[in-house]
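Given the structure is predicted, the values throughout are model-derived calculations rather than measurements.
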Amino acid sequence: MSGREIYIEVQQVGASVRVAAVDAATGEEVVFQVPVRTTRAEIDQLALSKLAWKMSKTAAEGPDEKRPGKKPGRGISV
């Protein structure tokens with residue numbers, strides 16, 4: 001993920017911190033929570049790791065397999 005522009009948003013919510021990381025080129029996003037005492041360096045490393053994992057998973061599935069089903073919207077039809 002070296003050389004990529006990544007936006008990381010950190011927002012405290014009670015006793016935890018909500019973190020959102022977005023890749024500027026692809027628009028891929030990951031959102032997760034960590035304890036409030038987590039250092040910024042740990043948050044940044046975790047965000048980059050999670051984003052890299054998601055992007056590799058999406059690349060392996062192919063562009064048409066990003067969301068299950070052909071209908072617009074969220075979730076999985078059962």
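Side-chain atoms of T26 and D23, non-hydrogen and from C-beta on, do get closer than 4.5 Å to each other. Side chains of T38 and V17 form no contact here, defined as non-hydrogen atoms less than 4.5 Å apart. Contact check for I43 versus V34: side-chain heavy atoms found under the 4.5 Å cut-off.
Sorted by first and then second residue, the side-chain hydrogen bond (donor to acceptor under 3.5 Å, both in side chains) pairs with a member in residues 6-17 read E5-Y7, E9-R18; sequence neighbours excluded. Legend: salt bridge (charged side-chain N to carboxylate O under 4.0 Å, His left out) pairs involving residues 42-53, not counting sequence neighbours, sorted by first then second residue: R40-D44.
Considering CZ of R4 and CG of L51, their distance stands at 8.0 Å, rounded to 0.5 Å.
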Query raised in the report: Between V31 and V19, does a side-chain contact (heavy atoms from CB on, under 4.5 Å) hold up when you go through it step by step?
Result: CA-CA 6 Å; V31 178; V19 181; over 6 Å; no

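Both I8 and M55 belong to a single network of hydrophobic side chains, linked directly or stepwise wherever heavy atoms of I, L, V, M, F, W or Y lie under 4.5 Å apart. Cluster annotation: I6 is connected to V30 through the hydrophobic network of ILVMFWY side chains, with a link wherever side-chain heavy atoms come within less than 4.5 Å.
Every residue two or more places apart in sequence or in another chain that forms a side chain to side chain contact (heavy atoms under 4.5 Å, CB included) with A41 is listed here: T39.
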